[in-house]
Amino acid sequence: MDLEPIISRMKLGAAGETGTWRNYRPVINKELCNKCKTCFSYCPEGVISEEIEIDYRFCKGCGICKEMCRQKAIEMVQE
Amino acid sequence: MILPGNTSCQGCPISLAMRCLDEIENPVLVIPAGCSTVVAGLHPNSAMKIPVIHVPFASTNAVACGVKEAYKRAGVKANVIAWIGDGAADIGFATLSASATRKDDIITVVVDNEAYMNTGTQASLSTFWKAKTSTSPAGKADERRDLALIMIAHKADYVATATVGYIEDLRRKFRKASQIEGFRFIQIHCPCPPGWRFPSEKTIEIARKAVMSGAWALFEFYDRKLRFSGIGKKFAEKDNRISLAEYLKAQGRFEHLRDEDILAIEKAIDEEWEILKRFSGE
């Protein structure tokens, strides 16, 4: 039996560039950021790297990083 | 273990829980219908870096059991995970119960968002007392089922409750489960922004408030003993908790509650804690 038609393949952006869903864009203030990586741990989408860079192609703008940041280094800016 | 650009909603706790799967060596997921099956990818794309088998509701644990046996015979070391929602735990309860009784060598993860979110927030057995859902518009009148306690009654090898609010605790429990053999069960509390009606950035805050108000108990059961987990331990004492109203009022699904309703819920929660404390012997 040919199973190929029912098998899904791994893909970055399985639902397309989900960054287009975003109403607010998280912007990191590098001067305030102390690289505690809390935003990295709690980002549901996994778009924040360990070097604290945001991949805006896929960030949905949920705002959890802003809420979790103890340094208040993240601001949500309207798109 | 999940790639960015998946189909999860903004602030989705399931997607966050799936990220924590990297604590488990060689995971293989078996997912029935529900939010998780959508989050894992739309055909022909998969958002997961690991093998996923999509199955009908009630068959999840049976499939997971078979897959694990097949891997064993092929000499492949894999951690097979039945990744279900609280709705699938209702519908597939017979299979889940049988699987626990057989002591299948699998991990069962329940992402508990307290309703059938994927189909439009219908009440499940795990739905919180008096919560508004599309099938209980005036607030759910029935009890909340405590699935973890039921699994303890099955004498499972490892039972734990966790929450996306404390991610290190969740990761530790995943790690611990992957190192034990036998039937392992983890129930993760997953506050759902669209279903519970709160803004997407509040997912973690609400999850933490649930623990701090005593609405969600964090515990582990292994070696025939129940233990409260580090962060959740102090909330076993009622004096250390924040007021339940603070947790409930943050969510749209409880906007109809009167003060006496909150008192009634508090009483129900206290009774659950009494049972847990008796189990733990603390």
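A quick note: this is a predicted structure, and the numbers were derived from the prediction, not measured. Naming: A, B, ... by sequence-line order, numbering from 1 per chain. All values below were derived from every heavy atom in this structure, side-chain atoms included, with hydrogens, water molecules and symmetry-related copies excluded.
In this structure, B:G5 and A:E45 approach most closely via the heavy-atom pair N-OE2, 2.8 Å. Pairing each heavy atom of B:G11 with each of A:C62, the nearest pair is N-CB, 3.2 Å.
More than 12 heavy-atom neighbours from other residues, nucleotides or ligands sit within 6.0 angstrom of CD on B:E246. In this structure, B:K77 places its NZ atom where only 12 or fewer heavy-atom neighbours from other residues, nucleotides or ligands lie under 6.0 Å away. The neighbour count for A:Y24 OH, taken as heavy atoms of other residues, nucleotides or ligands under 6.0 Å away, does not exceed 12. The 12-atom threshold is not exceeded at CD of A:E31, counting heavy atoms of other residues, nucleotides or ligands nearer than 6.0 Å. Within 6.0 Å of the CD atom in A:E75, the count of heavy atoms belonging to other residues, nucleotides or ligands does not exceed 12.
The choice from B:T7, B:I50, B:L42 that makes the most heavy-atom pairs within less than 4.5 Å of chain A is B:T7. Between chain A and the residues B:C9, B:C12, B:P199, the largest count of heavy-atom pairs under 4.5 Å involves B:C12. Between chain B and the residues A:G61, A:C65, A:G46, the largest count of heavy-atom pairs under 4.5 Å involves A:G46. Here B:L16 is the residue among B:L16, B:T203, B:V164, B:V52 with the most heavy-atom pairs under 4.5 Å with chain A.
Between B:I204 and A:E67 the shortest side-chain heavy-atom distance does not fall below 4.5 Å. Proximity of B:P4 to A:V47: side-chain heavy atoms (C-beta onward) are separated by under 4.5 Å at one or more points.
B:S15 places a side-chain N or O within 3.5 Å of a backbone atom of A:P44 that can act as its donor or acceptor partner. A donor-acceptor contact shorter than 3.5 Å links the side chain of B:H43 to the backbone of A:P5. Although no hydrogens or angles enter the test, the distance criterion places no donor-acceptor pair under 3.5 Å between the side chain of B:E205 and the main chain of A:M68.
To the nearest 0.5 Å, the span separating CG on B:L3 from CE on A:M10 amounts to 5.5 Å. Taking OG of A:S8 as the start and CE of B:M48 as the end, the distance is 12.0 Å to the nearest 0.5 Å. Taken to the nearest 0.5 Å, the CD atom of B:Q10 stands 9.0 Å off from the SG atom of A:C59. Between the CD1 atom of B:I167 and the OG1 atom of A:T38 there is a distance of 11.5 Å, given to the nearest 0.5 Å.
Between the side chains of B:S200 and A:K60, no donor N or O sits under 3.5 Å from an acceptor N or O.
Cation-pi geometry between B:R171 and A:Y42 is not satisfied (NZ or CZ under 6.0 Å from the ring centre, within 45° of the ring normal).
Proximity to chain B (any heavy atom under 4.5 Å) is shown, for A:C43, by both the backbone and the side chain.
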